[in-house]
Amino acid sequence: MRPRASRCTRSTPRTDAAWTRSAARAPLPDQPHERTTVMTTITWIGLGHMGAPMSANLVSAGHEVRGFDLSEAAMATAREGGVQTFDTVHEALEGAEVVITMLPKGEHSRAVYPGKDGVLALAPKDALLIDSSTIDVATAEDLHRAAHDADFAFVDAPVSGGISGAAAGTLTFMIGGEEEPARRAAEVAAPMAGRVVHTGAAGTGQAAKIVNNMMLFICLEACSEGSVLADRLGLDPKVFWEIASVSSSNSWALQTWYPVPGMTESAAANNNFDATFSAALATKDIGLALAAGEQTGVNLPAAELVAQRFQQLVADGLADKDCSLIAKYAAPDGTIPGWDPEKD
């Protein structure tokens with residue numbers, strides 16, 4: 001049985017405990033003489049838009065990945081990436097040295113870990129547990145405590161970089177938890193990551209992700225308003241995007257999610273705003289930021305505006321469309337290039 005560490009509590013991360021590392025991708029399995037990765041049996045629970053490409057990168061790095069998802073379609077996609085899939089969590093957990101969960105909401109993480117059929121009851125006791133879901137800090141802290149009480153090493157490790165970063169293996173991992181489990185998690189994350197950051201104590205990974213997503217969504221609103229205004233002023237969209245890309249308005253949102261077709265390959269605007277990151281998930285994530293603002297007394301008027309935009313998409317029956325479709329609310333008539341509601 002692992003010696004127990006001190007009980008998880010919410011605290012300000014110590015600067016001398018924080019560390020960052022670049023995580024170069026491991027060589028592919030057909031280069032065994034160069035590969036330094038030690039093969040690990042990894043159970044992956046949650047094989048959606050992010051989980052499927054992330055787990056495929058672990059397979060490419062030489063790990064055995066055993067997956068489970070409630071969606072058979074998601075498991076079929078994961079199998080294409082070399083993941084072995086199973087009908088139950090119990091089967092997927094057999095022999096796991098590492099368990100990674102990537103789930104939509106805190107309520108799903110709370111459902112997967114505790115209970116007689118949960119990860120804490122069924123996983124091998126020496127397994128490292130990594131929750132890469134984007135959830136509220138309180139839930140993350142509760143999971144840390146539950147894992148500690150069950151003698152498991154656990155970290156909260158949400159990611160940033162979107163589906164394109166998941167496919168490319170260039171995600172940023174934000175890892176909250178004690179030093180040794182965080183270092184172990186960083187090694188596991190290496191084939192999926194461009195950078196891994198230990199943010200500090202339990203729950204601080206989620207805190208970093210919540211703030212980061214809030215800033216992303218505010219940048220997306222700026223891109224939405226700017227793209228529509230540029231169009232109405234008669235600017236060629238490609239010319240304006242190229243100017244913005246090398247000027248003071250540049251951002252990750254502009255480079256990756258710009259809501260005009262033909263500007264960047266990863267934009268949902270190229271595909272009638274089919275979701276790369278749905279309005280429903282964006283509503284959830286911006287809600288986490290607003291809740292954190294209320295808890296800390298921080299005024300977040302820009303985040304409140306973006307939340308209203310996402311909520312309007314949901315109210316308009318567009319919860320499953322991409323969150324970048326908020327650009328339509330900047331247009332007086334609600335029409336923007338790249339979106340044809342008749343095709344939905």
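These numbers come from the heavy atoms of this one structure, side chains and all, not from hydrogens, waters or symmetry mates. Fair warning: this is a prediction, and the values are worked out from it, not measured in the lab.
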Taking the side chain as every heavy atom from C-beta outward, state whether Val228 and Arg232 have any atom pair closer than 4.5 Å. yes
Going by heavy atoms in the side chains, are Tyr113 and Asp131 under 4.5 Å from each other? yes
Under 3.5 Å donor-acceptor, Asp322 side chain and Phe277 backbone: yes
Please find the pair of heavy atoms, one from Gly177 and one from His144, that lie closest to each other, and give the distance. CA-CE1, 3.8 Å
Distance-only, no hydrogens or angles: does the Trp257 side chain make a donor-acceptor pair with backbone N or O of Phe217 under 3.5 Å? no
Looking at Ala153, is its backbone amide N or carbonyl O close enough to the side chain of Glu178 to form a donor-acceptor pair, meaning the two atoms are under 3.5 Å apart? no
Would you confirm whether Lys209, through its side chain, and Ile135, through its main-chain N or O, come within 3.5 Å as a donor-acceptor pair? no
Only one of Ile130, Val119, Leu129 passes side-chain contact (heavy atoms from CB on, under 4.5 Å) with Phe154; say which it is. Leu129
Taking all atoms of both residues into account, what is the closest heavy-atom pair of Glu225 and Arg309, and its distance? OE2-NH2, 4.1 Å
Nearest-0.5 Å distance, CG of residue Asn213 to CD1 of residue Ile218: 11.0 Å
May I ask you to decide if Asn57's main-chain N or O and His63's side chain share a donor-acceptor pair within less than 3.5 Å? no
Do Met50 and Val83 land in one hydrophobic cluster if side-chain heavy atoms of ILVMFWY residues count as linked below 4.5 Å? yes
Is a side-chain N or O of Asn271 found less than 3.5 angstrom from the main chain of Asp274, in a donor-acceptor match? no
Joint cluster assignment, Leu93 & Leu70, ILVMFWY side-chain distance < 4.5 Å: yes
For a 4.5 angstrom cut-off between non-hydrogen side-chain atoms, does Trp241 reach Ser227? no
Determine the minimum heavy-atom distance between Leu254 and Ser249, stating which atoms define it. CD1-O, 4.0 Å
Taking Arg66 for its side chain and Glu94 for its backbone only, find out whether a donor-acceptor pair lies under 3.5 Å. yes
Is the side chain of Lys125 donor-acceptor paired with the backbone N or O of Ala150 at a distance under 3.5 Å, no angle test? yes
Test Glu304 against Leu290 for side chain to side chain contact (heavy atoms under 4.5 Å, CB included), laying out the working first. CA-CA 7 Å; Glu304 290 173 357; Leu290 292 177; 3.6 Å; yes
Going only through I, L, V, M, F, W and Y residues with side-chain contacts under 4.5 Å, is there a path from Ile336 to Leu313? yes
Step by step, would you call Arg110 with Thr139 a side chain to side chain donor-acceptor pair (under 3.5 Å)? CA-CA 7 Å; Arg110 288 184 183 273; Thr139 293; 3.0 Å; yes
If you define the side chain from C-beta out and look only at heavy atoms, does anything of Met102 sit under 4.5 Å from Ile45? no
Could you tell me if the side chain of Asp156 sits less than 4.5 Å from the side chain of Leu143, heavy atoms only? no
Counting C-beta onward and ignoring hydrogens, is there a side-chain heavy-atom pair between Asn212 and Thr172 closer than 4.5 Å? no
Count the heavy atoms belonging to other residues, nucleotides or ligands that lie under 6.0 Å from CG of Asp320, then report whether that count exceeds 12. no
Look at the side-chain heavy atoms of Ile, Leu, Val, Met, Phe, Trp and Tyr, link any pair under 4.5 Å apart, and say whether Val306 and Leu288 land in one connected group. no
Asp340 atom CG, neighbour heavy-atom count above 12 within 6.0 Å: yes
Does a side-chain heavy-atom distance below 4.5 Å link Leu47 with Ser55? yes
Considering non-hydrogen atoms only, spot the tightest contact between Ala140 and Gly203 and give its length. CB-CA, 4.2 Å
Derivation and outcome, side chain to side chain contact (heavy atoms under 4.5 Å, CB included), residues Leu318 and Lys328: CA-CA 12 Å; Leu318 300 169; Lys328 85 185 197 72; 3.8 Å; yes
Can a donor-acceptor pair be found, under 3.5 Å and without considering hydrogens, that links the side chain of Asn270 to the backbone of Pro261? no
Report, as yes or no, whether the 6.0 Å neighbourhood of atom CD on Glu265 holds more than 12 heavy atoms from other residues, nucleotides or ligands. no
Does Lys284, at its NZ atom, have more than 12 non-hydrogen atoms belonging to other residues, nucleotides or ligands within less than 6.0 Å? yes
Would Leu120 end up clustered with Phe68 when hydrophobic side chains under 4.5 Å apart are linked, directly or stepwise? yes
Roughly how far, to the nearest 0.5 Å, is the CD1 atom of Ile243 from the CG atom of Asn250? 12.5 Å
Run the side chain to side chain donor-acceptor pair (under 3.5 Å) test on Ser71 and Asp69 for me, step by step, so that the C-alpha distance in whole Å, both residues' side-chain angles and the decisive distance to 0.1 Å come before the verdict. CA-CA 5 Å; Ser71 166; Asp69 195 285; 4.5 Å; no
Tell me, with the steps shown, if Gln255 and Thr264 meet side chain to side chain donor-acceptor pair (under 3.5 Å). CA-CA 7 Å; Gln255 293 296 327; Thr264 178; 5.8 Å; no
Is there a side chain to side chain donor-acceptor pair (under 3.5 Å) between Asp285 and Thr134? Walk through the geometry before answering. CA-CA 8 Å; Asp285 283 5; Thr134 297; 4.7 Å; no
Shortest non-hydrogen contact between Ser164 and Thr256, atoms and distance: OG-CG2, 4.0 Å
Minimum heavy-atom distance between Met174 and Thr199, given as atom pair plus value: CB-CG2, 4.0 Å
Given side chains that start at C-beta, do those of Glu72 and Met75 come closer than 4.5 Å, heavy atoms only? yes
Output yes when Asp126 and Arg184 qualify as a salt bridge under the 4.0 Å nitrogen-oxygen rule, no when they do not. no
Can you tell me how far the CE atom of Met214 sits from the CG atom of Leu300, to the nearest 0.5 Å? 5.5 Å
For the pair Tyr258 (side chain) and Ala269 (backbone), establish whether a donor and an acceptor sit closer than 3.5 Å, ignoring hydrogens and angles. no
